[in-house]
Every structure is written in structure tokens, then in C-alpha cells.
Amino acid sequence: PIYAFGLIACSLASTGCFGQPALGDSHTSTQCPGQPATDVLSSSESKRIPLQERQALIAIYEATDGPHWKNQNGWLGDPGTECTWEGVMCGSRLPGPTKVTSLNLFDNNLRGAIPEAAGQLTHLEDLNIYGNALSGKVPEAWIRRSRTGELFIAAEDSLLTDVSAIDFESSSSSLLCEQRRIILHSDGTALQFTERCRNATPHDRTTFCEVKEGRAWGFARLGWVLEESGFFALRENYDRSVTDSTFESLRVTRGGKPYEVIEYAGAGPQVLWVIHRSIEGVASSIEWEKTTKQPKCPRWSEPEAKEQ
């Protein structure tokens with residue numbers, strides 16, 4: 001029984017034979033009865049992250065004007081200190097080396113673009129780079145992991161998708177006060193134009209436009225839905241020969257280029273229906289900050305509408 005306990009103790013890097021502490025602070029060779037010598041790592045080496053992760057952190061620092069960050073405590077320190085750098089958190093799943101699992105650089109005066117080399121942080125679970133002056137997009141490797149739910153990213157939507165504007169309009173061909181237009185931008189701003197009936201008297205057919213302004217959340221996810229659903233490869237027009245139905249038109253700007261798909265009477269493919277309902281879902285959770293009225297709601301075909 002004592003011998004068996006010695007074998008078990010030898011399998012643990014932190015103990016020596018028969019439950020006694022391993023000697024030495026650096027690489028120490030411990031040998032138990034019937035077992036080969038076992039290396040015991042020092043505490044400093046056990047915290048050392050892989051070289052490619054250290055290089056990824058340094059690449060972020062150098063590409064985003066690290067010397068002028070608000071807080072850069074510890075950054076560019078010696079190998080083995082990375083987990084003490086400001087905003088860096090590490091973890092390990094035995095067996096295996098320590099990995100960077102969280103990076104919090106919120107409102108830290110980062111400027112420039114996150115380099116593709118940052119994608120080498122393949123074990124990140126949480127990333128917060130919101131509130132900085134960053135441009136471009138984060139590495140595609142991060143976006144792919146965010147889409148699958150492996151990585152949570154807190155960042156401006158413009159850093160996560162090439163889509164910059166979404167303009168969705170729905171109107172009935174026969175009903176009054178059944179027109180609505182939603183405009184979303186990657187900077188979080190949102191506009192909604194809704195045709196309303198005045199209803200001053202039972203026979204009053206006078207309409208006006210209700211205009212709402214606010215901020216929307218989830219724009220980047222809509223951009224991903226558009227990409228994954230194949231929206232940019234759809235036909236420009238889907239129609240069927242019926243009367244008294246609904247027009248739904250969607251205009252998306254991606255990489256500075258406009259794309260438009262018009263659908264009448266539900267003639268489009270299922271993915272188009274999913275896209276439309278996704279946009280309406282985001283619109284339903286918008287935080288409206290201002291509501292005004294004007295005589296008429298702008299349509300996409302009108303010059304003033306395109307300037308919205």
C-alpha cells in the first residue's frame with residue numbers, strides 16, 4: 001500500500017515520493033520505486049504561455065500604439081510574466097500549458113487596427129476592446145469563433161462586419177397606414193419611419209409619418225446573418241402575380257457597395273424571410289430616444305430618402 005501511494009505521488013508534478021514535497025524550485029528530477037525520473041516544472045515555467053500567444057499580444061500592443069495606452073502595466077515584460085500584464089487573464093486545462101483566455105482592453109486608448117496575428121490567441125473566451133479608436137476589422141479567426149459561440153467579443157459593430165447600413169421597408173399594396181421603414185447603421189444609430197392614420201373622425205383618411213430615433217444592438221449579428229444566408233448572391237427581384245399583398249425591400253451596404261432585393265407576396269426564398277424577421281427582431285429591441293412627426297414618410301426611391 002505504501003509503495004502504491006508512492007507511485008501515485010510520483011505522477012503529481014507538485015509532490016515527490018511517498019507524498020513528500022518535490023525538492024528544488026527549478027527543473028527537478030524525482031524518481032520513485034519502479035518509475036522513471038519525472039521532471040517537475042518551476043512555478044514560473046508553469047505560468048509561461050506558448051510563444052505564439054506572447055507574439056500575438058506583442059503584435060496587438062505594437063499595432064495599436066501601446067506606448068500611449070491609458071494603462072499598460074506589465075506589457076512587454078519578460079517571458080512568463082504575460083499573465084500579469086494589464087487586462088490579460090490566463091487559465092489552463094491539465095494537462096497542458098497555460099493559455100490566454102481573457103483580454104480586457106476596454107476604453108484604453110487603443111488606436112489603429114487589430115493585426116491578423118492576434119488571431120493566434122486561439123484559446124480566448126472573452127475579449128473586450130470596446131470604447132477605443134480602432135479601425136478595420138478584428139481577425140477573421142476571432143469572428144469565426146464568435147459566430148460559433150466559442151468567443152464573446154465586446155466591440156463596436158464596425159469592427160466585426162463589412163456591412164455598414166441596413167435599410168428595410170415593408171408596405172401593403174392595398175391597406176392604408178401599413179408602411180414601415182427601418183434603417184440601421186453599424187455605428188449603432190437607428191431610424192424608423194411608420195405611416196400612421198390620424199383618425200380624427202371615423203372617415204378620416206389623413207396620414208402622417210411617425211419618426212423614431214434611437215440606438216440598436218446586435219447589428220454585427222445581422223451582418224453575419226446576411227453573409228451566412230447568401231443574401232449577396234440573391235436575385236434583385238422576387239415577384240408573383242397576385243393582388244393585394246405586401247412589398248418588402250431590403251437594401252444593404254457592404255464594403256461601400258449597395259445591394260438591393262425586392263420581394264412581393266412572399267415570392268422570395270426562405271432565407272429572405274428569415275433575414276426580414278431577424279431585422280424586425282432587432283428593431284423590436286431598439287432603445288428609442290426621440291419621437292417626432294412629419295407629413296410624409298420618405299421612400300427609398302426619393303432623393304431625400306437616400307440621404308437618411
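Each residue takes its place number in the sequence, starting with 1. Since the model is a prediction, treat every value here as computed from it, not as a measurement.
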Please name the residue in the list Gln192, Gln294, Arg196, Arg180 that meets the side-chain hydrogen bond (donor to acceptor under 3.5 Å, both in side chains) test with Glu210.
-> Arg196

Quick check: do [X] and [Y] have side-chain heavy atoms less than 4.5 Å from each other?
X      : Y      : result
Arg144 : Glu140 : yes
Leu57  : Leu103 : yes
Gln72  : Tyr61  : yes
Phe231 : Val271 : no
Arg181 : Pro298 : yes
Ile166 : Leu226 : yes

Donor on one side chain, acceptor on other, Asn71 and Asn73, under 3.5 Å |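 The answer is yes; a qualifying pair exists.
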
May I ask you to check whether Glu150 and Thr148 show a side-chain donor-acceptor distance below 3.5 Å?
->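 Looking only at side-chain atoms, Thr148 and Glu150 do form a donor-acceptor pair, the distance falling under 3.5 Å.
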
Atom pair [atom1]/[atom2] of [X] and [Y] - distance to nearest 0.5 Å:
X      : Y      : atom1 : atom2 : value
Tyr264 : Phe247 : OH    : CZ    : 5.5 Å
Lys212 : Phe193 : NZ    : CZ    : 13.0 Å
Ile262 : Asn237 : CD1   : CG    : 6.0 Å
Leu250 : Ile279 : CG    : CD1   : 4.5 Å
Lys70  : Phe106 : NZ    : CZ    : 8.0 Å
Leu159 : Ser135 : CG    : OG    : 8.0 Å

Write down the atom of [X], the atom of [Y], and the distance for their closest heavy-atom approach.
X      : Y      : value
Leu110 : Asn132 : N-OD1, 3.0 Å
Lys296 : Cys209 : C-CB, 3.5 Å
Pro269 : Leu234 : CG-CD2, 4.0 Å
Val163 : Gly223 : CG2-CA, 4.1 Å

Before giving the answer on side chain to side chain contact (heavy atoms under 4.5 Å, CB included), spell out for Thr98 and Cys83 the whole-Å C-alpha distance, their side-chain angles and the decisive distance to 0.1 Å.
-> CA-CA 9 Å; Thr98 298; Cys83 298; 3.9 Å; yes

Sidechain N-carboxylate O distance under 4.0 Å for Glu248, Arg277 |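 The answer is yes: the pair qualifies as a salt bridge.
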
Are Phe168 and Tyr238 linked, directly or through other ILVMFWY residues, by side chains that come within less than 4.5 angstrom of each other?
->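 Same cluster.
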
Determine, using the 4.5 Å side-chain heavy-atom cutoff (strictly less than), whether Trp224 and Val252 are members of one ILVMFWY cluster.
->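 As far as the 4.5 Å side-chain criterion goes, Val252 and Trp224 are not connected within one cluster.
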
Given Arg251 and Glu169, is the salt bridge (Lys or Arg N to Asp or Glu O under 4.0 Å) satisfied, shown in steps?
-> CA-CA 9 Å; Arg251 292 157 294 273; Glu169 186 173 350; 3.4 Å; yes

Are the aromatic rings of His185 and Phe219 close, with centres under 6.0 Å apart?
-> no

Expected output: side-chain Gln120 to main-chain Gln52 donor-acceptor under 3.5 Å = no

Dump the intermediate steps for side chain to side chain contact (heavy atoms under 4.5 Å, CB included) on Val100 and Met89, then the final yes or no.
-> CA-CA 6 Å; Val100 176; Met89 292 186 64; over 6 Å; no

